[in-house]
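Everything below concerns the one structure shown next.
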Number of protein chains: 2
Amino acid sequence: MKTDEKLRAYLRRKGLKITQQRQEIAEKFLGANRHLSAEELYQSIRRTHPEVGLSTVYRTLKLLVDAGLASRRDFGDGIMRYEPCSDEGHHDHLICIRCGAIIEFENQKIEALQKEVAALKGFTVTRHRLEIYGYCEKCRSSGRSQGQQKKIRERHR
Amino acid sequence: MKTDEKLRAYLRRKGLKITQQRQEIAEKFLGANRHLSAEELYQSIRRTHPEVGLSTVYRTLKLLVDAGLASRRDFGDGIMRYEPCSDEGHHDHLICIRCGAIIEFENQKIEALQKEVAALKGFTVTRHRLEIYGYCEKCRSSGRSQGQQKKIRERHR
DNA sequence: CTTTATGCAAAAGGTTTGCAACAGT
DNA sequence: ACTGTTGCAAACCTTTTGCATAAAG
């Protein structure tokens with residue numbers, strides 16, 4: 001079953017309506033395989049469908065998360081980002097604090113160790129998040145070492 | 001050098017002023033060895049010093065972060081939390097999505113693997129964050145398994 | 001027809017900032 | 001005296017909501 005069919009199935013199952021907007025938003029979102037903020041997605045949709053509202057983007061994104069088609073990420077700059085959920089295993093992120101590049105990676109050993117640590121503390125894991133911040137290959141040459149905490153935050157203003 | 005002396009040193013070095021408020025805030029913050037939100041810290045200080053303003057708490061917290069005495073954490077519920085920076089190695093968090101308990105842990109093997117993964121992608125690591133969400137020992141017995149994404153978010157409203 | 005969705009504008013809620021009064025150096 | 005700081009209120013920014021209108025089933 002392809003992903004946008006999955007959304008329709010979910011909506012039917014819940015007795016919700018399959019609207020133009022929902023389909024448009026889901027298509028644009030699932031098509032772009034990047035991390036998108038609500039605003040970015042909104043701007044992208046607005047170019048072809050100027051009548052779609054930002055609230056609807058937020059509402060649909062929430063639906064997609066509930067339907068298991070998107071996951072919500074928070075990289076600490078005060079903006080939530082969403083990314084399409086692939087069925088292939090969980091992945092984590094390397095984030096460049098200079099250029100903002102986001103690189104995904106997957107590591108079974110780390111996953112396993114996490115479960116181990118959790119078990120040791122009597123914890124049942126439902127999900128986790130791992131983000132590694134630093135300088136990517138391109139940016140590391142002109143490296144500096146202070147003010148790490150601030151870099152990403154700057155766009156908040 | 002004890003921590004509040006460190007702050008004074010930092011302020012002097014930067015030509016900033018050592019005020020009553022900064023000292024009070026730093027003391028309360030460094031004393032409570034928990035994760036505190038700005039608001040929590042503010043309420044706690046307000047009991048003994050009702051004249052201190054919330055903005056000053058925010059401003060001082062930022063200072064503490066810059067001085068390397070605090071680190072800022074974001075557990076994804078829209079509220080930034082701060083915790084005193086210890087010099088003893090980095091630690092990560094287990095977070096109960098039912099009762100909100102936050103348990104710290106440290107695991108060298110995971111740290112090492114992270115560096116390894118990063119190096120593989122040409123990345124220079126400056127910091128990272130790992131959070132494992134699930135049910136703590138107390139809460140797991142009455143466990144349920146859906147709606148994980150939403151649990152923590154609820155307090156946002 | 002009934003029910004759920006939409007768009008807009010307004011509200012929330014955490015965090016930041018402008019400014020005049022104030023305190024440290 | 002000179003600068004940096006404070007408290008307050010207002011501004012900000014992302015996200016959510018109330019409501020009247022519109023679209024789906």
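Bear in mind the structure is a predicted one, so any value in this text is a computation, not a measurement. Chain letters run A, B, ... following the sequence lines, proteins first and then strands; every chain starts at 1.
Between A/His90 and A/Glu106 there is no side-chain heavy-atom pair separated by less than 4.5 Å.
Donor-acceptor pairing under 3.5 Å is recorded for the side chains of A/Gln43 and A/Glu39.
Residue A/Met80 places its side chain closer to D/dT15 than to any other of D/dT16, C/dG24, D/dT15. Side-chain atoms of A/Arg59 lie closest to D/dT17 of the nucleotides C/dT4, D/dT17, C/dT25. Side chain of B/Leu16, nearest nucleotide from D/dG4, D/dG7, D/dT17: D/dG4. For A/Ile18, whose side chain is taken as the heavy atoms from C-beta onward, the closest listed nucleotide among C/dT25, C/dG7, D/dG25 is D/dG25. Residue A/Lys17 has its side chain nearest to D/dG25 when only C/dT6, D/dG25, C/dT17 are considered.
One atom, CG of B/Leu63, and another, P of C/dT16, lie 13 Å apart when rounded to the nearest Å. Atom CG in A/Leu7 sits about 14 Å away from atom C1' in C/dA5, given to the nearest Å. Straight-line distance from the CD1 atom of B/Ile79 to the C1' atom of C/dT16: 17 Å, rounded to whole Å. The NZ-P distance, from B/Lys62 to C/dG14, rounds to 17 Å in whole Å. Taking atom CZ of residue B/Arg12 and atom C1' of nucleotide D/dT3, one finds them 17 Å apart after rounding to whole Å. In this entry the distance linking CD1 of A/Ile45 with P of C/dG7 reads 10 Å, nearest Å. A/Gln23 places its CD atom 13 Å from the C1' atom of D/dA23, with the value rounded to the nearest Å. For the pair B/Tyr82 OH and C/dG14 C1', the interatomic distance rounds to 10 Å; values are reported in whole Å.
B/Glu51 comes within 4.0 angstrom of the backbone, heavy atoms only, and of no base. Residue contacts shown for A/Thr19 are limited to sugar-phosphate atoms, with no base heavy atom under 4.0 Å away. Among the protein residues, A/Arg22 comes within range of the sugar-phosphate backbone only, with heavy atoms under 4.0 Å from sugar or phosphate atoms but none that close to a base.
Applying the side chain to side chain donor-acceptor pair (under 3.5 Å) test between B/Tyr133 and each of A/His128, A/Arg127, A/Arg129 identifies A/Arg129 as the sole match.
Mapping B/Gln21 and A/Leu54 onto DNA chain D by nearest heavy atom places B/Gln21 at the nucleotide closer to the 5' end. Taking the nucleotide of DNA chain C with the nearest heavy atom to each of B/Ser37 and A/Val57, the more 5' of the two is matched to A/Val57.
The backbone N or O of B/Thr56 sits less than 3.5 Å from a side-chain atom of B/Thr60, completing a donor-acceptor pair.
Salt bridge absent: B/Arg34 and B/Glu83 never bring a charged side-chain N and a carboxylate O closer than 4.0 Å.
Residue A/Gln20 has no polar side-chain atom (N or O) positioned under 4.0 Å from OP1 or OP2 of D/dA24. Neither OP1 nor OP2 of C/dT16 sits under 4.0 Å from any side-chain N or O of B/Tyr58.
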